[in-house]
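Residue numbers begin at 1 in each chain, while the letters A, B, ... track the order of the sequences. For the numbers below, each heavy atom of this structure counts, side chains included, while hydrogens, waters and symmetry mates do not. The structure displayed is predicted, hence computed values, not measured ones.
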Amino acid sequence: MKNIILNINGRSIQTVEGRTVLKAARENGIYIPTLCYHPRTKQAGKCRICVVEVEGLPGLRISCSLEAKENMVVLTNTERVLETRKMIVELYLSSGKHNCISCEANGRCELQEVTYRLGIEKSTFPVLTKDYPPDTSSPMIIRDLNKCIQCYRCIAGCNNIAVNEVLDMGFRGSNMTVVCDTNKPMGKSSCVICGECVQLCPTGALTEKKAFGKGRPWEIKKIKTTCPYCGVGCQVHLHVKDNEIVKVTGVEEVAPNYGSLCIKGRFGYDFVHSPERLKMPLLRKNGKFVEVSWDEALDFTASRLLEIKKARGPESIVGIGCARTTNENNYVMMKFMRAAVGTNNVDHCART
Amino acid sequence: MSNSIREIENSPVLFVIGSNTTEAHPVIANSMKRAVKKGSILIVADPRKIPLTRWATKHYQHKVGSDIALLNSVMHEIIKNGWHNKEFISSYTEGFDELQKVVSAYPPERASEICGVSEDGIRELAMLLGTAERVALYYTLGITEHVTGTDNVKTCANLQMLLGNIGKEYTGVNPLRGQNNVQGACDMGVLPDVFTGYQKVADETVREKFATAWGINSLPETAGTKIPAMFDGMLHGDIKALYLVGENVVMSEPHQAHTIRALEKLELLIVQDIFFNETAQYAHVVLPAACFAETEGTVTNTERRVQRVRKAVEPPGQAKEDWWIISELARRMGYLMDYTSTEQIWEEVRKLTPNISGITFERIEREGLQWPCPDINHAGTCYLYCDNIFPCGKARFQPAQWKPPAEVPDREYPFVLTTGRRLWHYHTGTQIRKSAGFDDVFPEELIEVNKEDAGSLGIKNGDYIRVVSRRGMLRVKAWVTDHVSPGLCFMTFHFHEACANALTNNAFDPFAGTAEYKACAVRLEKEG
């Protein structure tokens with residue numbers, strides 16, 4: 001791969017041949033907004049907000065689809081560029097119900113961010129009166145087409161990343177809208193609820209139903225961890241507010257899943273806070289389970305294990321570890337059985 | 001997995017056998033589907049019309065438990081046509097003559113009768129695999145959960161060795177692990193015959209190393225009991241105490257009635273879990289554990305990648321991390337384990353375990369590392385056996401003869417029941433069924449029954465039927481479908497209301513001790 005030098009806003013920028021102007025700029029910390037382009041769905045060329053001026057080329061160019069060339073001279077913040085972006089954003093704002101106050105995406109909405117950055121107070125265009133009822137038919141996802149800016153990210157995610165091939169653009173002209181299958185409600189469609197579309201949506205058009213009203217991005221702490229289900233080991237962000245997991249998203253930058261998740265990984269988190277969780281040690285007394293202190297439970301267990309070991313030998317005791325808990329917990333379990341009990345009778349469900 | 005998840009998308013030929021990938025490993029299935037979109041050939045061999053077949057170039061619907069017959073025949077055809085990798089075989093393997101001898105008994109004419117794939121189908125599969133530059137093979141429990149599970153795995157390995165599809169990118173023998181830390185629990189030596197990193201208990205030097213590190217005089221040298229023998233031992237009275245950490249055996253072990261009888265005989269059952277599950281009711285003591293979101297540590301995924309688990313919330317009530325509970329028990333039994341953090345535990349593990357000793361919490365802060373990773377400067381290992389260097393010297397063909405499942409249909413129990421998972425649920429339901437929304441998507445267990453069979457039994461879609469095996473009986477709603485071929489039924493173990501393991505056969509692979517969850521004989525009875 002050949003390195004090339006181009007000039008952006010008077011700065012000399014080095015990049016690799018074949019990369020886009022957008023990527024070269026972003027790698028060097030130069031701000032160019034995008035609403036359709038996403039590093040995972042790649043080039044889209046839909047929203048036009050990434051326009052730049054290029055010396056020697058007529059008109060404005062969309063930087064997400066423009067290959068960087070040696071000695072290219074690019075300007076990302078001229079008055080013409082900014083005015084054009086403003087007009088595009090104002091058109092978007094007039095295209096539906098972009099009401100940030102009550103929107104679940106407030107604080108993470110990319111349309112809101114670019115509106116703020118461009119200093120737009122409100123659209124100078126009349127707001128369209130389209131009024132789609134929100135689609136709440138999916139058990140996990142709310143679709144509000146009034147907030148859809150037709151960036152195609154969800155369609156790219158559904159068809160090119162998760163390859164579930166449910167979402168597409170339907171109808172024509174001003175009636176054009178994203179549809180599930182043949183315009184079915186999401187909950188009645190072939191959607192497998194992986195939530196790839198929700199994670200990619202730049203606005204509040206697609207949101208997580210269970211997270212609704214549970215907290216704003218600025219109130220939430222994100223903790224990176226590993227999904228507790230299958231062996232793929234997807235990396236997830238747990239979104240936590242007040243000691244409660246309110247949402248899960250995929251970590252986009254790292255292996256093995258690069259942001260993708262399935263229905264279980266993305267939406268199967270609230271068992272953690274189930275009221276049925278065990279909270280106290282339980283001891284069977286006269287045929288009934290009663291809550292006891294840790295000291296009582298542990299003393300009982302340890303003394304019974306010692307009694308059985310003494311009476312019947314360590315081989316009469318067996319332990320089954322857990323393919324769901326950590327390496328450290330499993331190591332300690334294995335060590336306990338071998339060193340404290342004195343038997344190799346330790347196994348786990350890998351074989352059954 | 002011998003190879004890595006990231007290779008899937010660029011593999012020219014993917015051969016998926018006994019893996020319902022879109023439902024059991026959806027994110028890996030995404031990579032497979034992307035590969036197809038890029039032009040890769042996806043070959044699926046599965047007794048059911050699983051969702052992945054929608055993207056498959058070819059689907060070979062072989063009979064449950066006929067994998068060895070199918071694959072031996074494929075190898076027979078590969079050798080017959082000279083498609084095998086002669087250079088790889090002569091330089092890096094041994095036992096080819098024996099393999100050739102064994103597979104010569106599986107011409108397509110014979111194999112077809114056993115596996116139900118047409119003779120031409122077998123020849124076509126052999127051609128697709130044999131003439132491909134590289135093939136990556138993926139399997140899951142469809143291969144392992146048989147009385148011939150070990151031989152099934154060896155047969156998959158034989159095929160890949162025959163074609164030289166090992167030791168390089170876009171190839172390999174790739175089991176997809178079903179739980180977040182099956183790989184890690186094995187790596188940590190939670191097995192009766194090995195310590196961490198598969199260091200043998202039988203090896204005196206290894207035992208001495210661990211005994212010294214653990215500050216005790218000696219460690220037991222005879223291999224311990226595998227899970228199936230544990231339950232038999234409980235029934236026979238040899239085993240008196242079971243310490244169960246995070247495993248709902250009443251739902252997950254085969255032949256539920258047998259499992260319950262065994263548990264009832266125990267003098268001491270310790271259940272350490274996050275919920276009062278179906279097994280806990282047989283316990284003498286129940287210890288509340290912290291769950292994944294309440295603990296620090298590491299887990300190891302299916303591609304050998306050690307990744308971090310981080311604490312996000314406080315455990316409920318007085319629930320504690322497993323390592324704390326176990327250490328406290330050890331202390332009260334007179335053996336001191338005074339850990340203060342999981343990182344301290346991991347440091348002890350990596351010092352005792354050569355193949356992961358280069359992995360530290362600091363190094364995997366951003367992204368996990370794949371073992372073998374023997375030292376702190378090692379970048380980890382994307383695929384095993386690079387340059388055809390095998391731990392045992394030359395790779396050894398281990399041919400196997402096909403044997404039928406332990407229980408085959410007869411007049412009394414005329415249907416084969418096979419089991420597995422669904423996308424919408426997970427294992428014994430302890431987590432997913434306590435998460436909102438999932439029971440809305442898939443509210444109850446369904447038994448998949450073929451249209452022809454349903455027709456002849458007078459069963460309509462949605463009817464409740466009785467399913468009876470030699471070990472148990474249950475009531476379940478019928479899903480009349482062509483996902484299963486005539487004579488075959490499918491259920492899961494997600495729902496305690498109708499758990500397939502009330503019916504499954506506690507027959508085990510003699511070497512691995514894996515139960516034959518994938519095949520038992522049942523009778524279907526219409527209600528009323």
Kindly determine whether Arg312(A) and Glu267(B) satisfy salt bridge (Lys or Arg N to Asp or Glu O under 4.0 Å), including the steps that lead there.
CA-CA 11 Å; Arg312(A) 304 291 301 240; Glu267(B) 286 179 15; 5.2 Å; no
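- Looking at Gln344(B), there are no atoms closer than 4.5 Å to chain A (heavy atoms on both sides), in backbone or side chain.
- Between the NZ atom in Lys264(A) and the CZ atom in Phe438(B) there is a gap of 8.0 Å [rounded to 0.5 Å].
- Residue contact with chain B, scored on non-hydrogen atoms closer than 4.5 Å, involves the backbone and the side chain of Val192(A) alike.
- Taking chain B as the reference chain and counting heavy-atom pairs below 4.5 Å, the highest number among Met337(A), Lys285(A), Arg324(A) is found for Arg324(A).
- Comparing Val163(A), Ile223(A), Asn330(A), Thr326(A) by heavy-atom pairs within less than 4.5 Å of chain B, the highest count is held by Val163(A).
- Note that Arg338(A) lies in the cation-pi zone of Phe195(B), set by a 6.0 Å cut-off to the ring centre and a 45° limit from the axis.
- Atom CD1 of Ile245(A) and atom CD of Glu294(B) lie 7.5 Å apart (nearest 0.5 Å).
- Distance alone, capped at 3.5 Å, is enough to place a donor-acceptor pair between the Gln307(B) side chain and the Gly233(A) backbone.
- Rounding to the nearest 0.5 Å places CH2 of Trp294(A) at 3.5 Å from CD1 of Ile325(B).
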Could you go through the side chain to side chain contact (heavy atoms under 4.5 Å, CB included) check for Tyr258(A) and Val27(B) one step at a time?
CA-CA 10 Å; Tyr258(A) 298 99; Val27(B) 171; over 6 Å; no
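- Under a 3.5 Å cut-off, the side chain of Asn243(A) and the backbone N or O of Val313(B) do not form any donor-acceptor pair.
- Aromatic ring pairs are classed by plane angle as parallel below 30°, tilted from 30° to 60° and perpendicular above 60°; the pair Trp214(B) and Tyr331(A) is perpendicular.
- If you tally non-hydrogen atom pairs under 4.5 Å between each of Pro314(A), Pro256(A), Pro139(A) and chain B, the highest count goes to Pro256(A).
- Between Thr226(A) and Asn180(B), the side chains place no donor N or O within less than 3.5 Å of an acceptor N or O (distance only, hydrogens not considered).
- Both the backbone and the side chain of Tyr243(B) have a heavy atom closer than 4.5 Å to some heavy atom of chain A.
- For Lys311(B), the part lying near chain A is the backbone, with the side chain staying farther off; criterion is any non-hydrogen pair under 4.5 Å.
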Begin with the C-alpha distance, continue with both residues' side-chain angles, and end with the deciding distance and a verdict on salt bridge (Lys or Arg N to Asp or Glu O under 4.0 Å) for Lys335(A) and Glu348(B).
CA-CA 11 Å; Lys335(A) 182 175 174 179; Glu348(B) 182 176 315; 2.9 Å; yes
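- For the residue pair Asn327(A) and Asn181(B), a side-chain donor N or O sits within less than 3.5 Å of a side-chain acceptor on the partner.
- Contacts between Arg332(B) and chain A at a heavy-atom distance below 4.5 Å involve backbone atoms as well as side-chain atoms.
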